[in-house]
2 protein chains.
Amino acid sequence: MVITIVQDQSSEIRGRGYLVKQRAFIKLYLLTMIERKKDYAFNYLDEMKTELHKFGYQPTHSEIYKALHELTLDGVLYRTKKIKGDPRKDFQEIVLYRFTEEGYEKAQLYKKQMKAELDRCVGLLQKAIRDNY
Amino acid sequence: MVITIVQDQSSEIRGRGYLVKQRAFIKLYLLTMIERKKDYAFNYLDEMKTELHKFGYQPTHSEIYKALHELTLDGVLYRTKKIKGDPRKDFQEIVLYRFTEEGYEKAQLYKKQMKAELDRCVGLLQKAIRDNY
DNA sequence: CAATGAACATGTTGTTCATAA
DNA sequence: TTATGAACAACATGTTCATTG
């Protein structure tokens, strides 16, 4: 008999030791923004862009959507749909995300791991600065 | 008439604004190590591993070789071959790298750009820490 | 143009294979 | 085992296309 162990790769934070992957970085922001206010993908993207463009980083919309989809698949978030604006005259549907029952706790664990990971990355970069300049 | 501008992608430092690419990170270390002592790929790899494993990063040999090949193609380095050990009884060939005529200056420019890039990355990560914790 | 999503294409990196001493 | 290199596979990410209001 062959036993196959399927590991959940989608929530992996670091690849093989270099810097934190963009997807994980985006998830961190999403979880925090969802903690603070219930909103939808397009606005989350907009907020990340305006906050981070000073640092030369402009995330793309597809990365945001993929990150939200993965967090949903991992059971951290669930989706609800809503009509944007006045439901009597507007019809634009938007997708709102909230934490599932266990989602909030999972998010806190994820954020805790990410904190360690971000610290590691800062350390690695500062080490490079020390070593090369 | 169509004018095609071919840009040298191989020496690009940042992709599209997220963190510095591993290849560029490795090149920075290589240039500094070559400044300090003439050595060969295998030892450069070894030095990077021992210096950086505390930060959870273990570069692979293929990345080192590819980085050295690119720096050679870009005219920064040139290669010389040598027999390792006593040439009368040993035959193991190793490849030594040195700066070309304009290589040293090119390397200094590259390092200068990388310094700004590393600072940007540290800033981005620290911003993420501030924003999410 | 705002909003979501998928499909597709490219880029980046790791693992494996080949060769030699 | 050290040493170099290429070929290949896998993964990560960006660009484009499709759809709706």
Side-chain angles (χ1 to χ4, degrees), chain A residues 7-27 30 39-49 57-73 77 79-97, chain B residues 7-27 30 39-49 57-73 77 79-97:
Chain A
Q7 205 180 344
D8 186 359
Q9 299 282 29
S10 64
S11 58
E12 210 179 326
I13 286 175
R14 77 159 104 150
R16 264 143 224 90
Y18 184 58
L19 298 174
V20 57
K21 293 275 178 285
Q22 183 180 192
R23 183 77 51 90
F25 185 90
I26 287 174
K27 282 181 185 173
L30 287 170
D39 213 333
Y40 59 102
F42 203 86
N43 283 344
Y44 291 138
L45 173 64
D46 201 55
E47 198 175 322
M48 280 195 75
K49 278 185 179 171
Y57 175 43
Q58 295 277 103
T60 62
H61 80 274
S62 65
E63 271 303 307
I64 304 282
Y65 287 117
K66 283 183 229 169
L68 285 166
H69 296 341
E70 279 186 10
L71 288 169
T72 305
L73 278 171
L77 304 176
R79 300 154 48 94
T80 53
K81 294 196 176 186
K82 198 197 148 206
I83 301 296
K84 187 193 175 190
D86 182 356
R88 285 169 304 185
K89 51 193 184 81
D90 299 314
F91 298 94
Q92 177 76 61
E93 253 191 346
I94 57 178
V95 181
L96 298 174
Y97 289 89
Chain B
Q7 207 181 344
D8 186 0
Q9 298 284 29
S10 64
S11 57
E12 210 179 328
I13 285 175
R14 76 161 106 150
R16 263 142 221 92
Y18 184 59
L19 299 174
V20 59
K21 295 273 179 283
Q22 183 180 192
R23 183 78 52 90
F25 185 91
I26 287 173
K27 282 181 185 173
L30 288 171
D39 213 332
Y40 58 101
F42 204 87
N43 283 345
Y44 291 138
L45 172 64
D46 202 55
E47 197 176 323
M48 280 196 74
K49 279 186 179 170
Y57 175 44
Q58 295 277 103
T60 63
H61 80 273
S62 65
E63 272 304 307
I64 304 282
Y65 287 117
K66 283 182 228 169
L68 285 166
H69 296 341
E70 279 186 8
L71 288 170
T72 305
L73 277 172
L77 304 177
R79 301 153 47 95
T80 54
K81 294 196 177 185
K82 196 197 150 203
I83 302 296
K84 187 193 177 190
D86 182 355
R88 286 171 303 186
K89 51 194 182 78
D90 298 315
F91 297 95
Q92 177 77 61
E93 253 192 345
I94 56 179
V95 181
L96 298 175
Y97 288 89

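Side chains are part of it too, since the values below use all heavy atoms of this structure and drop only hydrogens, waters and symmetry mates. Just so we're clear, the structure is a prediction, and the values are computed from it rather than from any experiment.
OP1 or OP2 of D/dG5 has at least one side-chain nitrogen or oxygen of B/R79 nearer than 4.0 Å. In this structure, B/T60 reaches the C/dG14 phosphate: one of its side-chain N or O atoms is under 4.0 Å from OP1 or OP2. For the pair B/Y65 and D/dT4, the criterion of a side-chain N or O lying under 4.0 Å from OP1 or OP2 is met. Taking side-chain N and O atoms only, B/K84 has a distance below 4.0 Å to OP1 or OP2 of D/dA3.
Rounded to whole angstrom, the span from the CD atom of A/E93 across to the C1' atom of C/dT4 amounts to 10 Å. Rounded to a whole Å, the NZ atom of A/K82 is 15 Å from the C1' atom of C/dA2. Rounding to whole angstrom units, NZ of residue A/K81 and C1' of D/dT19 are separated by 12 Å. Taking atom CD1 of residue A/I83 and atom P of nucleotide D/dT20, one finds them 15 Å apart after rounding to whole Å. At whole-Å resolution of the value, NZ in A/K21 and P in D/dA10 are 17 Å apart. Here the C1' atom of nucleotide C/dT13 and the CZ atom of B/F25 are 15 Å apart, to the nearest Å. What separates CD of B/E63 from C1' of D/dA12 is a distance of 14 Å, to the nearest Å. Atoms CD (B/Q22) and P (C/dG11) sit 18 Å apart, rounded to a whole Å.
In this structure, CG in B/D46 is found 10.5 Å from CD1 in B/I64, a value given to the nearest 0.5 Å. Once rounded to the nearest 0.5 Å, the distance linking OH of A/Y97 with OG1 of A/T80 reads 9.5 Å.
Note on ring orientation: taking the six-membered ring where Trp is involved, the planes of B/Y18 and A/F25 are perpendicular (angle over 60°, cut-offs 30° and 60°).
Summarising the geometry of A/F91 relative to A/I83, their closest heavy-atom pair is O-CD1, 3.8 Å, with the distance given to 0.1 Å. In this structure, A/P59 and A/L45 approach most closely via the heavy-atom pair O-CD1, 3.5 Å.
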After noting the C-alpha distance and the side-chain angles of A/Y40 and A/L96, does the key distance pass the side chain to side chain contact (heavy atoms under 4.5 Å, CB included) rule?
-> CA-CA 5 Å; A/Y40 59 102; A/L96 298 174; 4.2 Å; yes
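Using a 4.5 Å cut-off on side-chain heavy atoms (C-beta onward), B/F42 and B/Y65 make contact.
Residues A/P59 and A/F91 each lie close to DNA chain D; by heavy-atom proximity, the contact nearer the 5' end of the strand is made by A/P59. Mapping B/Q92 and A/V95 onto DNA chain C by nearest heavy atom places A/V95 at the nucleotide closer to the 5' end.
For C/dG5, its base never sits under 3.5 Å from the side chain of A/H69 at any donor and acceptor pair.
Nearest nucleotide to the B/S62 side chain, out of D/dT4, C/dA2, D/dA6: D/dA6.
For the helix from C/dC1-D/dG21 to C/dA21-D/dT1, the angle separating the two terminal helix axes comes to 30°, with each axis derived from five pairs and the value rounded to 10°.
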